[in-house]
2 protein chains.
Amino acid sequence: MTRPPIRIVLADDERLVRTALRAILSAEPDLEVVGEAATGAEAVSVVRDLGPDVVLMDVRMPETDGIRATEQILATLDEPPRIVVVTTFENDSYVYDALRAGAAGFLLKRAEADLLVQAVRLVVRSDSLLFPSAVRALAAEHARVYPAPPAWIARLTGRESEVLRLMAAGLTNAEIARRMEVGPATVKTHVAAVLAKTGTRDRTQAAIAAYEAGFMKTR
Amino acid sequence: MTRPPIRIVLADDERLVRTALRAILSAEPDLEVVGEAATGAEAVSVVRDLGPDVVLMDVRMPETDGIRATEQILATLDEPPRIVVVTTFENDSYVYDALRAGAAGFLLKRAEADLLVQAVRLVVRSDSLLFPSAVRALAAEHARVYPAPPAWIARLTGRESEVLRLMAAGLTNAEIARRMEVGPATVKTHVAAVLAKTGTRDRTQAAIAAYEAGFMKTR
DNA sequence: CCGCCCCTCCCCCGTCCGGCGGAGCCGGAT
DNA sequence: ATCCGGCTCCGCCGGACGGGGGAGGGGCGG
């Protein structure tokens, strides 16, 4: 009772890597590489067209990186494939990003060939797939990331948010005053309020807090 | 009239890359991969033992990088092999370094398989192997896709990097001085150098620059 | 109507910061 | 043997910063 082969799409901007992966996977009778993509955007369309069972997705790719491509694929397809994110370095913080994006697995390029093959087989049958190094990185990342969206953001008033944004852009109080068309004394008041609410002692720490809270990415 | 095959050594710390290169090259009847190395130091000894015609040398490797390994091989052997330096990224000055070290050629890993094969054949027959246009084009494209990290990072000295890291952690000069076990005056000197090199005017802007350059994610 | 919050602005004061010039030491390169 | 770059410090100064008060006005809900 032969079952149909597992259909695989490779997404990696390096031709060499794709070739290597294809060689390794195609040697297995139950695996079939049905498509390749060199960019994240290409990966999305190729997967949409071919509807594979598994995608091996590199993180670093032109146009759209592997994380975003993963998000897009999972968001737009009814029956999305299992996506295994592949990267070179284990100290990357990509593990967390990959899993948050919905990737089913995460492994390193330095993995042995048979580990790769097993991973593909495993991932179509189980919900998720994690390797020890990935788990370790995940734990570290989790601890770092989970202190989550600080509560102080919500406590900031409108003006205070503006001031923090300009502070974290590197402006002096005088510049902020000109930009906001208020007096320097007013800016000092707002700055003091921001420092108090963020629990920081100077504008540099406030700027750092803004960055680490993701505050600067808010539009 | 069959001539002896071209004897090749592969030096790359990634198993996958070596496998791929071996697969590509071994498919050609006139090419023969006679050895592999995973570090620069290993490459030197392997080449010394086997005396190959060509070495495909990765730039980034543990222990000794590809550039130094190239230098050592060319300096210590009477009849050194042609060395082709292979790398993934082009934004660095590796091309210049490679050629200065005496490499006969320079290739990007994203090169097509047949280009690779041709390169190996070509390099044993000619004094040098140049793909100026290709390299430049790829470099330009690569620089477009992966915006290069600001050049100032490389210009920072060791102490200056430490100071920037602590500055961007929100420490005052006095705290940095205690942490680094130097005088406050010394910290001020380093801070001034950091501000100059980063093109910023105060510690807040420097901290922002550090964050936006991804400097704080480095280790 | 009254309190409360937000925004606006003022003063004083001590500290920290950044710019300036100068100096000695050391190790590697020339 | 000399030069250069990195690291370590010094003093001086003006300006920016942050803390501590206080004060007036406007809006909104109790």
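To find a chain, count down the sequence lines: A is the first, B the second, and so on, and within it residues start at 1.
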Show the distances under 3.5 angstrom between N or O atoms of the protein and N or O atoms of nucleotides 26-30 of chain D.
none

Q. What's the closest nucleotide to the A:Arg159 side chain, out of C:dC17, C:dT8, D:dC7?
A. C:dT8

**Q.** Carboxylate-amine/guanidinium contact B:Arg68 B:Glu71, below 4.0 Å
**A.** no

Q: Verify the contact: side-chain N or O of B:Thr157 to OP1 or OP2 of D:dC7, cut-off strictly under 4.0 Å; return yes or no.
A: yes

Q.
Between B:Leu16 and A:Ile24, is there a side-chain heavy-atom distance shorter than 4.5 Å?
A. yes

Q: State, to 0.1 Å, how close B:Met167 and A:Thr204 come at their nearest heavy-atom pair, and which atoms those are.
A: O-CG2, 3.8 Å

Q. Between atom CG in A:Leu156 and atom P in C:dC6, what is the gap in whole Å?
A. 11 Å

**Q.** Atom-pair distance (CD on B:Glu175; C1' on C:dT15), nearest Å
**A.** 13 Å

Q: Could you identify which residues of residues 177-202 of chain A place a heavy atom less than 4.0 Å from some atom of DNA chain D, listed by residue number, or say none?
A: A:Lys188, A:Val191, A:Leu195, A:Arg201, A:Asp202

Q. Say you draw a straight line from CD of B:Glu42 to CG of B:Asp13; how long is it, rounded to the nearest 0.5 Å?
A. 10.5 Å

Q: Rounded to the nearest angstrom, tell me the gap between atom CG in B:Asn173 and atom P in D:dG18.
A: 14 Å

(Q) Does this structure show an ion pair linking B:Arg203 with B:Glu175, if we count only N-O contacts that are shorter than 4.0 Å? (A) no

**Q.** Pairwise distance CG(A:Leu25) to CG(A:Leu10) - rounded to 0.5 angstrom
**A.** 6.5 Å

Q: Can you tell me the distance, in whole Å, between the CD atom of A:Gln205 and the C1' atom of C:dC17?
A: 15 Å

Q) Are the side chain of A:Arg48 and the backbone N or O of A:Thr76 linked by a donor-acceptor pair below 3.5 Å? A) no

Q: Start with the C-alpha gap between A:Arg165 and A:Glu162, add the side-chain angles, then the distance that decides, and say whether salt bridge (charged side-chain N to carboxylate O under 4.0 Å, His left out) holds.
A: CA-CA 5 Å; A:Arg165 211 170 286 280; A:Glu162 294 180 50; over 6 Å; no

